[in-house]
There are 2 protein chains.
Amino acid sequence: MTIDNEATLAARAPDGYDPSDYAPFAVTVDLTVFTIRTGRLCLLLVQRAEDPYARAWALPGGFVKPAEGIDSAASRELLEEAKVDVFTGHLEQLATYGDPDRDPRMRVVSVAYLAFAPDLPDPVAGSDAADARWWAIDDILDGETGVSLAFDHQQIISDGLERVRAKLEYTTLAARFVAEPFTLGDLHAVYTAVWGMPVRLTNFRRKVTSTEGFVIPVDGHSAPGPAGGAPAALYRRGPANELHPPLRRGER
Amino acid sequence: MTIDNEATLAARAPDGYDPSDYAPFAVTVDLTVFTIRTGRLCLLLVQRAEDPYARAWALPGGFVKPAEGIDSAASRELLEEAKVDVFTGHLEQLATYGDPDRDPRMRVVSVAYLAFAPDLPDPVAGSDAADARWWAIDDILDGETGVSLAFDHQQIISDGLERVRAKLEYTTLAARFVAEPFTLGDLHAVYTAVWGMPVRLTNFRRKVTSTEGFVIPVDGHSAPGPAGGAPAALYRRGPANELHPPLRRGER
DNA sequence: CCAAAAGTGTTTAAGCTACACCCATGA
DNA sequence: TCATGGGTGTAGCTTAAACACTTTTGG
């Protein structure tokens, strides 16, 4: 085999790989971090300071470091950008995006992640960002609101959103959106925010409490809201991860 | 920003990216191609000819080419290695694996895909492979059969297997495992092979035929088996992709 | 007392399970 | 006529949907 001095990778590949077969790629992680704020499903975006896509909004993320695993890179970015650790929230791989022209500068493959977090304070813009803030998902997708998105991030967000919606059906991950302890009303608000509206509260309550390990009662009661109402029982997250049978969203 | 002459990527990055932030990666696709042969769930593996892991079995796959999208690379490999086109079978992203030490030679990020195919002829080994064949999934995972797997492919296979099993519950993808036209008995055999056994045939039939768009009756009847039995009605795949409510495997 | 939110009971419809039974074919 | 596989009918159970109703709090 021949050595191509122009490519670091080729110089490092000892055997079995023909350098003419491949080019080096940059690998990044992009995060779709979802949370609920004032009853709306929100996503964390950062505003780009530099070209390409200067002033456009983009998913938080960054390069995977040379000695770092991809999942580790994602949790690092999650902690840096949203101050969320993996234990209070939830982090999973979403999909990988690698069209040759998704970044005009060079060949970049991005591994997208999906993260859920309980309500968080406003983020601070990082060094390479002009701004950072939570956007309501409706405002992002409406197009009218003036959120212009960088790269293929519109596609990633749309895939992430569909995944969140689906995950609430057959997992207990909705509980990752609320801080402990929480009421069944809080949990119900997560479903209505993520799905858009329906979900009969009365049957929802029965479903949640009858699913072993979804929520665990804790002592005490919530304070009633400003307009009154009975104090609600408090719960924390249980050990169950799956929901059998699933909680269906009203779209059939 | 400075230019690092040792890295092709860095030399190409015009703005906004600091070359000290990242290293170049090789990007590959690996395929978990599943099919049913003689009533058993099988997976396509190739035997490696070169070190590392010479003589060990590995998932078919290869490098993503410089001007090629990742999904395109996967369909190209699927066609090359298994002679399956995306239209008769099914191809979707599984997950991305990128631990720093998963390949001892260099930093490789692999995007794994999941593919389903109807029964296929025996594969032929490619140029860089010593052998290629279908393995029953039980024999691969048993450990006793002597199938030693390269890289982290044991993990990828295990993730792929779990995904196939789950997908049969809530999608109509089982029909991608059978050639058209097929009988309900053929389809039932897919479920028992993938899940391990149960599935009540009598209720299974009702579920499949009552799900709008799962299967479409075609004219004609199958020839009975060697030991007799009635001729079975024939079907082709319908347009539906999802199964609501799902077909549960007996594990609750 | 009224509005708002928490929580319970009950009726009805739908879906799934299990099992019995009949039909068509080849040996 | 028997074994084998295809296919239907039906009773009974479990679950989910819909809606009525009670309780607790703040104004």
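Note that these values count all heavy atoms, side chains included, but never hydrogens, waters or copies made by symmetry. Keep in mind that what you see is a predicted model, and the values were worked out from it rather than measured.
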Walking DNA chain D from its 5' end, the first of Pro246(A) and Ala233(B) to be reached, judged by nearest nucleotide, is Ala233(B)
Phe177(A) pairs by ring-ring contact (aromatic ring centres under 6.0 Å, His included) with which of Phe34(A), Tyr191(A), Phe116(A)? Phe116(A)
Check whether the side chains of Thr171(B) and Asn241(B) place a donor and an acceptor atom closer than 3.5 Å, and report yes or no. no
Integer-rounded Å distance: dA24(C) P and Leu234(B) CG: 17 Å
When rounded to whole Å, the CZ to P distance for the pair Arg249(A) and dA16(D) reads 18 Å
Please report, rounded to the nearest Å, how far the C1' atom of dA14(C) is from the NE2 atom of His244(B). 17 Å
Divergence of helical axes at both termini of the helix from dC1(C)-dG27(D) to dA27(C)-dT1(D) - five pairs an end, 10° steps: 10°
Between Pro245(A) and Lys207(A), is any pair of side-chain heavy atoms under 4.5 Å apart? yes
Any sub-3.5 Å donor-acceptor pair from Glu77(A)'s side-chain atoms to Leu31(A)'s backbone N or O? no
Rounded distance (Å) that lies between atom C1' of dG7(D) and atom NZ of Lys207(B): 19 Å
Using atom CG of Leu201(A) as one end and atom P of dA16(D) as the other, report the distance to the nearest whole Å. 16 Å
Mind checking whether Arg163(B) and Asp159(B) have side chains closer than 4.5 Å, heavy atoms only? no
Can a side-chain donor-acceptor contact be found between His90(B) and Glu92(B) if the only test is distance below 3.5 angstrom? yes
Between P on dT17(C) and CZ on Phe204(B), what's the gap in Å once rounded to a whole number? 13 Å
Is Thr183(A) reaching over with its side chain to a backbone N or O of Asp186(A), donor-acceptor style, under 3.5 angstrom? yes
Nucleotide by nucleotide, 5' to 3', does protein get under 4.0 Å of the base (B), only the sugar-phosphate (S), or neither (-) in nucleotides 18-27 of chain D, counting heavy atoms? BB----BBSS
Arg248(B) CZ to dG15(C) P, in whole Å, measures 17 Å
Will you find, in the side chains of Asp71(A) and Tyr113(A), an N or O donor that is under 3.5 Å from an N or O acceptor? yes
Donor-acceptor contact below 3.5 Å, side chain Ser222(B) vs main chain Pro231(B): no
For DNA chain D, find the residues of residues 210-221 of chain A with a heavy-atom distance under 4.0 Å and give them by number; none if there aren't any. none
What is the distance, to the nearest angstrom, from the CD atom on Glu169(B) to the C1' atom on dC16(C)? 15 Å
By the definition side chain to side chain contact (heavy atoms under 4.5 Å, CB included), identify the one residue from Ile140(A), Leu141(A), Leu161(A) that meets it with Leu43(A). Ile140(A)
Using atom types as modelled and distance alone, determine if a side-chain donor or acceptor of Gln154(A) lies under 3.5 Å from a backbone N or O of Leu149(A). no
